[in-house]
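Some notes on the structure that comes next.
The structure presented is a predicted model; accordingly, all values stated were derived computationally and were not measured.
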Amino acid sequence: MKLVLLPGLDGTGKLFAPLIEALPSSIDIQVITYPLNKEQSYNELIEYVKQNLPEEEFVLLAESFSGPIAYQVALSKPKQLKSLILVATFLENPRPFLLKFIPS
(Lines give C-alpha, C1' and ligand atoms only; values in the text may rest on other atoms or scores of the structure.)
Protein backbone atom coordinates (compact mmCIF):
# COMPACT_ATOMS: atom_id res chain seq x y z
CA MET A 1 0.00 0.00 0.00
CA LYS A 2 1.22 3.48 -0.83
CA LEU A 3 1.33 6.56 1.42
CA VAL A 4 0.39 9.67 -0.56
CA LEU A 5 1.47 12.99 0.97
CA LEU A 6 -0.17 16.33 0.17
CA PRO A 7 1.91 19.39 1.13
CA GLY A 8 1.15 22.49 3.11
CA LEU A 9 0.99 26.00 1.71
CA ASP A 10 4.49 25.84 0.18
CA GLY A 11 3.07 23.28 -2.27
CA THR A 12 6.40 21.51 -2.72
CA GLY A 13 6.33 18.72 -0.16
CA LYS A 14 9.93 19.54 0.82
CA LEU A 15 8.85 19.87 4.44
CA PHE A 16 8.02 16.15 4.43
CA ALA A 17 11.74 15.29 4.19
CA PRO A 18 12.19 14.55 7.94
CA LEU A 19 9.04 12.41 7.97
CA ILE A 20 10.09 10.48 4.89
CA GLU A 21 13.55 9.92 6.39
CA ALA A 22 12.02 8.63 9.65
CA LEU A 23 9.62 6.18 8.00
CA PRO A 24 10.73 2.63 7.25
CA SER A 25 12.05 2.19 3.72
CA SER A 26 9.42 -0.51 3.21
CA ILE A 27 6.72 2.19 2.98
CA ASP A 28 6.10 3.25 -0.61
CA ILE A 29 5.72 7.06 -0.54
CA GLN A 30 4.37 9.41 -3.18
CA VAL A 31 4.47 13.17 -2.65
CA ILE A 32 2.06 15.11 -4.82
CA THR A 33 3.50 18.58 -5.35
CA TYR A 34 1.31 21.38 -6.62
CA PRO A 35 2.06 23.30 -9.81
CA LEU A 36 3.91 26.45 -8.78
CA ASN A 37 3.76 28.26 -12.12
CA LYS A 38 0.23 29.65 -11.64
CA GLU A 39 -2.37 30.28 -8.98
CA GLN A 40 -5.03 27.59 -8.74
CA SER A 41 -8.31 27.43 -6.87
CA TYR A 42 -9.09 24.72 -4.36
CA ASN A 43 -11.33 23.08 -6.98
CA GLU A 44 -8.49 23.04 -9.52
CA LEU A 45 -6.14 21.54 -6.93
CA ILE A 46 -8.71 18.89 -6.00
CA GLU A 47 -8.89 17.80 -9.65
CA TYR A 48 -5.09 17.91 -9.93
CA VAL A 49 -4.73 15.62 -6.91
CA LYS A 50 -7.38 13.20 -8.23
CA GLN A 51 -5.50 12.95 -11.53
CA ASN A 52 -2.26 12.13 -9.71
CA LEU A 53 -3.51 9.50 -7.28
CA PRO A 54 -2.02 6.02 -7.60
CA GLU A 55 -3.99 3.18 -9.12
CA GLU A 56 -3.10 0.91 -6.20
CA GLU A 57 -4.48 1.13 -2.66
CA PHE A 58 -3.24 4.14 -0.71
CA VAL A 59 -3.47 6.15 2.48
CA LEU A 60 -3.80 9.90 1.96
CA LEU A 61 -2.01 12.20 4.42
CA ALA A 62 -2.64 15.95 4.10
CA GLU A 63 -0.88 18.70 5.98
CA SER A 64 -2.25 22.16 6.76
CA PHE A 65 -3.38 23.86 3.52
CA SER A 66 -4.08 20.50 1.87
CA GLY A 67 -6.60 19.33 4.47
CA PRO A 68 -9.68 20.71 2.67
CA ILE A 69 -8.33 19.36 -0.63
CA ALA A 70 -7.83 15.87 0.80
CA TYR A 71 -11.26 15.97 2.42
CA GLN A 72 -12.94 16.75 -0.89
CA VAL A 73 -10.92 14.03 -2.61
CA ALA A 74 -12.05 11.56 0.06
CA LEU A 75 -15.68 12.63 -0.41
CA SER A 76 -15.39 11.60 -4.07
CA LYS A 77 -14.73 8.05 -2.74
CA PRO A 78 -11.79 6.88 -4.85
CA LYS A 79 -11.95 3.09 -4.62
CA GLN A 80 -8.22 2.81 -3.82
CA LEU A 81 -8.38 5.18 -0.81
CA LYS A 82 -8.14 3.18 2.41
CA SER A 83 -7.64 5.93 4.97
CA LEU A 84 -7.36 9.70 5.34
CA ILE A 85 -4.99 11.40 7.79
CA LEU A 86 -5.35 15.14 8.41
CA VAL A 87 -2.40 16.87 10.10
CA ALA A 88 -2.59 20.38 11.61
CA THR A 89 -5.35 21.48 9.28
CA PHE A 90 -8.91 22.76 9.18
CA LEU A 91 -12.01 22.04 7.12
CA GLU A 92 -13.58 25.45 7.55
CA ASN A 93 -12.27 28.88 8.40
CA PRO A 94 -11.54 28.83 12.16
CA ARG A 95 -11.70 32.63 12.38
CA PRO A 96 -14.32 33.84 9.86
CA PHE A 97 -14.67 37.21 11.59
CA LEU A 98 -11.12 38.10 10.47
CA LEU A 99 -12.24 38.09 6.82
CA LYS A 100 -13.81 41.52 7.28
CA PHE A 101 -10.28 42.97 7.69
CA ILE A 102 -9.09 41.75 4.30
CA PRO A 103 -9.39 44.49 1.66
CA SER A 104 -11.59 43.52 -1.26
Side-chain angles (χ1 to χ4, degrees):
M1 186 172 322
K2 187 170 276 203
L3 175 61
V4 177
L5 305 175
L6 298 182
L9 191 57
D10 75 320
T12 66
K14 290 179 182 176
L15 297 176
F16 285 127
L19 172 64
I20 293 169
E21 188 175 312
L23 291 172
S25 60
S26 60
I27 297 178
D28 187 11
I29 299 169
Q30 174 186 345
V31 178
I32 296 179
T33 59
Y34 298 137
L36 301 177
N37 57 345
K38 68 173 186 166
E39 285 187 26
Q40 293 189 319
S41 69
Y42 263 108
N43 287 335
E44 290 171 317
L45 290 171
I46 291 164
E47 289 308 311
Y48 179 82
V49 168
K50 286 182 184 179
Q51 292 169 6
N52 287 282
L53 291 174
E55 293 188 18
E56 68 224 51
E57 292 183 343
F58 65 92
V59 171
L60 185 59
L61 184 149
E63 175 201 8
S64 185
F65 171 81
S66 289
I69 295 167
Y71 179 71
Q72 290 301 316
V73 169
L75 287 178
S76 73
K77 299 183 180 179
K79 65 181 178 178
Q80 311 91 321
L81 177 62
K82 296 304 168 193
S83 187
L84 172 64
I85 302 169
L86 300 174
V87 179
T89 190
F90 53 90
L91 296 180
E92 59 184 45
N93 188 338
R95 303 278 190 251
F97 69 91
L98 292 176
L99 292 176
K100 66 182 176 184
F101 298 110
I102 298 174
S104 43

Return a table of donor-acceptor pairs under 3.5 angstrom between the side chains of residues 67-74 and protein atoms on other chains or two or more places apart.
none

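Note that NZ of Lys82 and NZ of Lys2 are 15.5 Å apart. Values are rounded to the nearest 0.5 Å. Rounded to the nearest 0.5 Å, atoms CD (Gln30) and CG (Leu60) are 10.0 Å apart.
Pairs passing the salt bridge (Lys or Arg N to Asp or Glu O under 4.0 Å) check and including a residue from residues 60-74, sequence neighbours excluded, do not occur. Evaluation of the salt bridge (Lys or Arg N to Asp or Glu O under 4.0 Å) test over residues 13-23, restricted to residues two or more places apart or in two chains, returns none.
Under the 4.5 Å side-chain contact rule for hydrophobic residues, Phe90 and Leu15 do not share a cluster. One hydrophobic cluster holds both Leu86 and Leu75 under the rule that ILVMFWY side chains link at heavy-atom gaps under 4.5 Å.
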For this session: Please report the C-alpha distance between Asp10 and Thr12 in whole Å, then the side-chain angles of each, then the deciding distance to 0.1 Å, and finally whether the side-chain hydrogen bond (donor to acceptor under 3.5 Å, both in side chains) criterion is met.
Result: CA-CA 6 Å; Asp10 75 320; Thr12 66; 2.4 Å; yes
For this session: Apply side-chain contact (heavy atoms from CB on, under 4.5 Å) to the pair Val4 and Val49, showing each step before the final yes or no.
Result: CA-CA 10 Å; Val4 177; Val49 168; over 6 Å; no
Exercise. Run the side-chain contact (heavy atoms from CB on, under 4.5 Å) check on Tyr42 and Phe65 step by step: do they pass?
Worked result: CA-CA 10 Å; Tyr42 263 108; Phe65 171 81; 3.4 Å; yes
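Between Ser76 and Lys50 the shortest side-chain heavy-atom distance falls below 4.5 Å. The closest side-chain heavy-atom distance from Gln80 to Pro54 is not below 4.5 Å.
Closest approach of Gly8 to Ser64, counting heavy atoms only: CA-CB, 4.3 Å. Here the closest non-hydrogen pair linking Glu56 and Asp28 is OE2-OD2, 3.5 Å.
Among residues two or more places apart in sequence or in another chain, the ring pair (Phe, Tyr, Trp, His ring centres under 6.0 Å) test is passed with Tyr48 by none. Tyr34 meets the side chain to side chain donor-acceptor pair (under 3.5 Å) test with Ser66; sequence neighbours excluded.
Think of Ile29 as one node in a network of Ile, Leu, Val, Met, Phe, Trp and Tyr side chains linked at under 4.5 Å; its network also takes in Met1, Leu3, Leu5, Phe16, Leu19, Ile20, Leu23, Ile27, Val31, Val59, Leu61, Ile85, Val87.
Counting non-hydrogen atoms of other residues, nucleotides and ligands closer than 6.0 Å to CD of Glu55 gives a total of 12 or fewer.
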